[in-house]
**Q** 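Sharing a structure below in structure tokens format, with a few things to ask.
The sequence lines fix the lettering, A, B, ..., with proteins before strands; numbering per chain opens at 1.
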Number of protein chains: 2
Amino acid sequence: MTVSKTAEKSGDATKGRKDAGDAQGQGHAEVLQLGELSEQLGYVLKRAQLKVFENFLRCMATLQLTPAQFSVLLLVEKNPGRNQTEIASTLGILRPNFVALLDNLESRDLCARIRSTNDRRSHILVLTDKGKAVLTRAKKLVATKHESRLNTLLGQANREALLEMLSKIANEF
Amino acid sequence: MTVSKTAEKSGDATKGRKDAGDAQGQGHAEVLQLGELSEQLGYVLKRAQLKVFENFLRCMATLQLTPAQFSVLLLVEKNPGRNQTEIASTLGILRPNFVALLDNLESRDLCARIRSTNDRRSHILVLTDKGKAVLTRAKKLVATKHESRLNTLLGQANREALLEMLSKIANEF
DNA sequence: TATTGTTATACTCTATAACTATA
DNA sequence: TATAGTTATAGAGTATAACAATA
């Protein structure tokens, strides 16, 4: 991809480079021109996404939940009684990759696999009481620290418009 | 308390699961409820970004350019005479990871490293004639096949508003 | 035979340390 | 000593094949 996760402090690409008074004539110093790049939706989308995930992780540091883990907890809470294949595929996670993610959540006693009586191949997923409690705290953290900051930055109306357009892209593009 | 490992008698866990016309008792279910997930900006942002990159790759299949490679070509064209560190850090690519990316572009004769005369440690980056030609074709493909589709989907005004909000997030969040 | 969860594996992207050659 | 490019390497994230248990 174009952008790295926590690369360096944003905006220090030209750190330490001075243009004024460069007697040697080497070293243009200004920030590079992004040019058409700043009009490329994919580029800006990716950089925005990294920023948002980064902030999410900071907000969730106390609960140690990644965006993927949070999405699993939310989906299991909303759809109790579903099996691994259903939860994973809804989130776009491949079944093999879902195993380790679930192992992690289960080892922390946040969710549990229950062998289905109807189809003994299936593992029904449910949140444990601890999982429910953690999810409740997580939602509060996300709302008060994460999403609220986006509201402040964009404004409530804009944030909703943004969400709508992104949903349209995600679903119809 | 924690959830028991033994399956429950599908009481409320499977509530509302059965398809209306399901003759067998095996019930494929309806689509899962995303619930609050569809309001999580990070989640929707990520899915939108994946869709956009996916489409980008399809549009660029003939030229075999990834988003990252395209961004490098664009930036080198706009900022000739810059070295690897400057180009890479502007794009948020770490220097070690930039080496293989450049090796690829150079092996395809799209860009070239030129040892700087001022500082023989530096490699100045330039596009080759082939690189310029390919980039011109790439820009046309992106404009006519990729970005234009986004315009159709969102509308010109909305697309600009989207870009502006994403830029704001990328730069100020 | 088909499906669920799983293992093994591979490939990409990202991240850090350390080397070399210059400065 | 510090910096530019590089190598090696490790860790996530994502992808496919195949196996055991079950249907």
**Q** For Arg95(A), I'd like to know if atom CZ has over 12 heavy atoms of other residues, nucleotides or ligands within 6.0 Å.
**A**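 Yes - once you tally the heavy atoms of other residues, nucleotides and ligands closer than 6.0 Å, there are more than 12.
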**Q** Separation of Arg47(A) atom CZ from dT14(C) atom P, in whole Å?
**A**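 Going from Arg47(A) (CZ) to dT14(C) (P), I get 11 Å.
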**Q** What is the distance, to the nearest angstrom, from the CG atom on Leu94(B) to the C1' atom on dT9(D)?
**A**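 Taking atom C1' of dT9(D) as the reference, CG of Leu94(B) is at 14 Å.
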**Q** Kindly say whether, by distance alone, the side chain of Asn97(B) makes a donor-acceptor pair under 3.5 Å with the base of dA15(C)?
**A**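 By the distance-only test, yes, there is a pair.
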**Q** Gln84(B) CD to dT22(C) C1': how many Å, rounded?
**A**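 One finds 15 Å between C1' of dT22(C) and CD of Gln84(B), rounded.
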**Q** Indicate, with a heavy-atom threshold strictly under 4.0 Å, whether Arg95(A) touches base, sugar-phosphate, or nothing.
**A**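 Base, at least one base atom sits under 4.0 Å.
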**Q** Any side-chain N or O of Thr85(A) less than 4.0 Å from the OP1 or OP2 oxygen of dT3(C)?
**A**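 So the side-chain polar atoms of Thr85(A) never come under 4.0 Å of the phosphate oxygens OP1 or OP2 of dT3(C).
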**Q** I need the CG-P distance between Leu102(A) and dG5(C), as an integer number of Å.
**A**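 From Leu102(A) CG to dG5(C) P: 9 Å.
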**Q** CG of Asp119(B) versus P of dA2(D): gap in Å, rounded?
**A**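 Rounded to whole Å, this separation is 16 Å.
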**Q** Of the candidate nucleotides dT16(C), dA4(D), dT14(C), which contains the atom at the shortest distance from the side chain of Lys46(A)?
**A**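 From the listed options, dT14(C) comes nearest.
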**Q** Quick one: Leu91(A) CG to dT14(D) P, roughly how many Å, whole number?
**A**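 Value for this atom pair: 11 Å.
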**Q** Closest-nucleotide mapping onto DNA chain C: is Asp103(A) or Ser122(A) further toward the 5' terminus? I mean the 5' end.
**A**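 Of the two residues, Ser122(A) wins.
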**Q** Considering heavy-atom distances to DNA chain D, does Gly92(A) or Phe98(B) have its closest nucleotide positioned more toward the 5' end?
**A**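 Its nucleotide being nearer the 5' end, the pick is Phe98(B).
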**Q** Given 3.5 Å as the limit, does a donor-acceptor pair link the side chain of Lys51(B) with the main chain of Ala170(A), or not?
**A**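 Confirmed, Lys51(B) side chain pairs with Ala170(A) backbone.
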**Q** On DNA chain C, compare the nucleotides closest to Thr66(B) and Ser116(B); which residue's is nearer the 5' end?
**A**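 The residue closer to the strand's 5' end, by nearest nucleotide, is Thr66(B).
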**Q** With clusters defined by side-chain heavy atoms of hydrophobic residues (ILVMFWY) lying less than 4.5 Å apart, directly or transitively, does Leu101(A) cluster with Leu74(A)?
**A**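 Shared cluster, yes.
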**Q** Could you state the atom-to-atom distance from CD1 of Ile93(B) to P of dT16(C) in whole Å?
**A**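 For the pair Ile93(B) CD1 and dT16(C) P, the rounded distance is 16 Å.
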**Q** If each of Leu50(B) and Arg121(B) is mapped to the nucleotide of DNA chain D with the nearest heavy atom, which maps nearer the 5' terminus, i.e. the 5' end?
**A**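 First, find each residue's nearest nucleotide; the 5'-ward one identifies Arg121(B).
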**Q** Examine dT6(C): is either OP1 or OP2 under 4.0 Å from a nitrogen or oxygen in the side chain of Arg113(A)? Give yes or no.
**A**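 Looking at the OP1 and OP2 atoms of dT6(C), one of them is under 4.0 Å from a side-chain N or O of Arg113(A).
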**Q** Give the rounded distance in Å between these two atoms: CG of Asn83(A) and C1' of dT6(C).
**A**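 After rounding, the reported distance stands at 14 Å.
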**Q** Which of these nucleotides, dG5(C), dG5(D), dA23(C), is closest to any side-chain atom of His123(A)?
**A**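 Nearest to the side chain of His123(A) among the choices is dG5(C).
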**Q** Looking at Arg120(A) and dT22(D), is any side-chain donor or acceptor paired with a base atom of the opposite kind under 3.5 Å?
**A**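 Side chain to base: no pair below 3.5 Å.
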**Q** Just to verify, which of Leu57(B), Val72(B), Val52(B) counts as forming a side chain to side chain contact (heavy atoms under 4.5 Å, CB included) with Pro67(B)?
**A**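 The residue from Leu57(B), Val72(B), Val52(B) that satisfies side chain to side chain contact (heavy atoms under 4.5 Å, CB included) with Pro67(B) turns out to be Leu57(B).
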**Q** Answer yes if Phe56(A) and Leu41(B) sit in the same cluster of Ile, Leu, Val, Met, Phe, Trp and Tyr residues linked by side chain heavy atoms under 4.5 Å apart, and no otherwise.
**A**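 Linked within one cluster.
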